[in-house]
Amino acid sequence: MSQTVPVDTAAIAEGGYDPHAIQGKWQERWEQEDPFRAGGDEDTRPRKYVLAMFPYPSGDLHMGHAENYLYSDIVARAWRHRGYNVLHPIGWDSFGLPAENAAIKRGADPREWTYANIAQQKEGFRSYGVSFDWNRVLHTSDPEYYRWNQWLFQKMHERGLAYRKESPVNWCPNDQTVLANEQVVDGQCERCGAVVVKKKLTQWYFRITDYADRLLDDLNQLEGSWPHKVLQMQRNWIGRSVGADIDFEIEGRAEKVTVFSTRPDTLHGATFMVVAPDSDLAAELAADSSAEVRERFQDYLEAVQKQTDIERQSTDRPKTGVFLDRFAINPVNGERLPIWAADYVLADYGHGAVMAVPAHDQRDLDFARAFDLPVRVVVDTTAPLTGAIPVIDPDANLEDLDTIESIDPATTGVALVGDGRMINSGSLDGLSKRNAIARITEELAASGTGRASKSYRLRDWLISRQRFWGTPIPMIHTADGEIVPVPDDQLPLRLPDAHGLDLAPKGTSPLGGADDWMSTVDPRTGESARRDPDTMDTFVDSSWYYMRFLAPQDATQPFDPAQALRWAPVDFYIGGVEHAILHLLYARFITKVLFDMGYVDFTEPFTSLINQGMVILGGSKMSKSKGNLVLFHEELAAHGADALRVALAFAGPVEDDKDWADVSTTGAQKFLARAWRIAHDVTSDPDVVWAEGDTALRRVTHRLWAEVPGLIEQTKFNVVVARLMEAVNAIRKAIDTGAGPADPAVREATEAVAMILDLFAPHTAEEMWEALGYDRFVGLVPWRQPDATLLVEENVTAVIQIDGKVRSTIEVSARVDPAELERAARADEKIVRALAGREITRAIVRAPKVVSFSTH
RNA sequence: GCCGGUGUGGCGGAAUGGCAGACGCGACCGACUCAAAAUCGGUUGUCCGUGAGGGCGUGUGGGUUCGAAUCCCACCACCGGCACCA
């Protein structure tokens, strides 16, 4: 048995191409000369702002980062070549739980862990050759940054957009903190997977629901520029329903109860009312009922509260509920509707109470059938919706309507949710659904018992967190129970030293244990007061960071409005789809708030958005626990940055997942060695006259110039790499068996390859550029324009079809006359043979590409 | 249940109304070499045929068109979002 000897294939095998030496050389020069710094105020070129979602410093970079920042780098480099002043910054989303958990595990300071990881990732980005502007680095955990989170919070508070309320909140029992709705996925904590429970707490919220309509409607502007999927997810998440609020008198209660309904047209069909058992309203209605009801209600409430969200939300559970022995009065007909408490009604949607119309709502019908409540049909879904309105006898009994009887929900168990003609509904009779909704809404408004209304699935954004490693909430709780802002001259309100603090999760913020830190004075009276012990959700940090890059060192304001006018909004944004309804919704919200405050002149932060796919392995997501990790620094060491970059860019469309098993770093390395070699084979000088070069090769070059910018704009990076491979193959062939290494077209083509390859393999491209006799940096060289005369082929292959099948091809001039082309096609030997005497009944000629004959 | 997306060789993918499978991976054959690696050249959708050539082929079925992977309709499969949201 022979032994396998490890060989440095990269250095030896590729015939002199040594990616690691090249990489070190150019990274050092970039570091010294800072060529990718964005142009300043004096720069008159048009501007482009390219941004990839900033990383969380969770250890070393991984393959997902390799992909994400490769794509933003490709776009940034392409725009530089096309004459733009490009801003491509990098920073770190450096507050958050993992730092804290790691610190708890090791008894260390989250700061140390965080900044050590940032240093490691910075080094990773440098050795990967990403063309960031390193002068604008920010870390959200720096007081210089989070000071402006506190500014934002106070601005929001001034405008009534930050407020406190007591409410049942999502509580992660593992992380021991509250979570925003967006951070609960399938009833589980987005971060750790623990089953989320409800807890009633007083917390800080941002009033994102005030912006629900704008967040929804403005998605239309992004159509075509954002992934369809993300727009869809945001629309679903906001979940606007249009209908009416209807006020019901309650017997024995002074105030009316309002319900929301998308089907106010069915108001005459309401036969009972249901309130959410965990709502204040249910508790109050039960409290004023009999002792027996109170007891039954209490038992039911306890049972309901024991359920997790997962249990409560699972569909096709049998309906449960209790009768509260209270009655509501239907405003349109005075009927008494029994009021029930049932957990299929949610406390925090609409008004926590519904009018139940069992005939026309499946849930209400299920409940009615379970508790033997009446069902009254008020929409004849069998009636035609077009033509004359059928005459309905107002005294007609349902039993008289044969058609309706056969589909009576009370017997079939299927609610009639479709459109139809109103019946048993007084003034609405005969109307269609849409007209009935309009009519009843008017009537309710006229009588003061209702009004048009909208409801949203979206809830206000809970931003308090009971954890240490985040932005302290800049508010003071005074002795008299007031809550006042920390005065501006005392900002930033810095986190205390973590040493000596118990960071372990215990359900309240660790800051509460920092006595010196917690005690402060009431800025109005000087009396002693307490700080707010909670920190902000880290999604607050990332909701506006793209603005901070515009002037990251500014100590006087969060961002410079003049720079915002120059650079913002972001022209090209890229990141994973996992942020579709978290970061991207919050950033849109905060941008609109900043617009309303007059700080920015745009309402959407990210003009175009791309979601890159994930890097997976063997069909499943990489994870430490599964042990199927492909490590970034190992791949980098094995193949070099350029091969890694080319392999990833070539692996497939940006949006698709890339299985590492299908990614060929060795293939990429081979290609790069071939490209590097042709640059060294060129023997002509830089001042040769290209026009004297081989025309066929020149056509290849100019097709490249014609095609590549468009392909980059469409983010078809894999196709651009394929085109470069074709070009390299064509040059190789020209050198070896055609025009020869001295031909000007060989130089022209090789220069084009170097200039475009810069997007994918910047180190190799610089090395090629140098070999071709130029000064650094190819990364800053403007791309050439295609020569139109070289784009028009002289001869093309025309396809000749008979009855839709290709039967022959002929070489013709690109400027061939259609009549002449048809003549040539008819005369073609293969066509004559294939026709076998059949007559051509029709000929379609699309010169110079197609002739299509039909024979029938 | 509602809404949306996707479906192409052994594999990743290309082609958005005009030669399906560009480019690459893998595989096979050859040149160079004592040999191997690297490099270079060739073959590679599938079936029939010695060959020339022909049949079939982009999830399935239909349609539009001289011509469909591409447009339309229905269905199937997979993936994703929302879901007792009134």
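Chain naming here is simple, since letters A, B, ... match the order of the sequence lines and numbering starts at 1 in each.
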With sequence neighbours excluded, give me every side chain to side chain donor-acceptor pair (under 3.5 Å) pair touching residues 237-246 of chain A. A:Glu182-A:Trp237, A:Asp213-A:Arg240, A:Asp217-A:Arg240, A:Ser241-A:Tyr349, A:Asp245-A:His351, A:Asp245-A:Ser453
Could you state the [atom1]-[atom2] distance from [X] to [N], rounded to the nearest angstrom?
{"X": "A:Asp736", "N": "B:rU39", "atom1": "CG", "atom2": "C1'", "result": "11 Å"}
{"X": "A:Arg723", "N": "B:rA22", "atom1": "CZ", "atom2": "C1'", "result": "6 Å"}
{"X": "A:Lys805", "N": "B:rC56", "atom1": "NZ", "atom2": "P", "result": "5 Å"}

[X] side-chain proximity, nearest of [options]:
{"X": "A:Ala722", "options": "B:rG53, B:rA22, B:rA14", "result": "B:rA22"}
{"X": "A:Arg317", "options": "B:rC66, B:rC40, B:rC84", "result": "B:rC84"}
{"X": "A:Ile581", "options": "B:rC82, B:rG13, B:rC40", "result": "B:rC82"}
{"X": "A:Ser261", "options": "B:rA86, B:rA14, B:rC84", "result": "B:rA86"}
{"X": "A:Asp662", "options": "B:rC11, B:rG81, B:rG42", "result": "B:rC11"}
{"X": "A:Val345", "options": "B:rA86, B:rC40, B:rG24", "result": "B:rA86"}
{"X": "A:Arg677", "options": "B:rG12, B:rC66, B:rU39", "result": "B:rU39"}
{"X": "A:Val354", "options": "B:rU39, B:rA14, B:rA86", "result": "B:rA86"}

Regarding [N], can its base be found pairing with the side chain of [X] as donor and acceptor, where the two atoms are less than 3.5 Å apart?
{"X": "A:Ser852", "N": "B:rC66", "value": "yes"}
{"X": "A:Gln232", "N": "B:rG80", "value": "no"}
{"X": "A:Lys319", "N": "B:rC84", "value": "yes"}

Determine, for [X] against [Y], whether the closest basic-nitrogen to carboxylate-oxygen distance falls under 4.0 angstrom.
{"X": "A:Asp343", "Y": "A:Arg317", "value": "yes"}
{"X": "A:Arg459", "Y": "A:Asp348", "value": "yes"}
{"X": "A:Arg842", "Y": "A:Glu822", "value": "no"}

Look at all strands and tell whether [X] reaches a base, only sugar-phosphate, or nothing, counting heavy atoms closer than 4.0 Å.
{"X": "A:Arg457", "result": "base"}
{"X": "A:Thr797", "result": "base"}
{"X": "A:Val274", "result": "nothing"}
{"X": "A:Val806", "result": "sugar-phosphate"}
{"X": "A:Glu726", "result": "sugar-phosphate"}
{"X": "A:Arg833", "result": "nothing"}
{"X": "A:Asn729", "result": "sugar-phosphate"}
{"X": "A:Asp348", "result": "nothing"}

Pick the closest RNA chain B nucleotide for A:Asp656 and for A:Val799 by heavy atoms, then say which residue is nearer the 5' end. A:Asp656
Contacts of A:Lys229 and A:Arg732 projected onto RNA chain B by closest heavy atom; the upstream (5') one is A:Arg732
Bracket notation of RNA chain B in which parentheses pair within the strand, [ ] cross earlier pairs, and | pairs with another strand (Watson-Crick or G-U, under 3.5 Å): (((((((..(((.....[....)))((((((.......))))))((((....))))..(((((..]....))))))))))))....
So, with a heavy-atom separation below 4.0 Å from RNA chain B, the residues of residues 235-243 of chain A are A:Asn236, A:Trp237, A:Ser241
For the C1' atoms, the ones on B:rG42 and on B:rG61, what distance do you get once it is rounded to whole angstrom? 42 Å
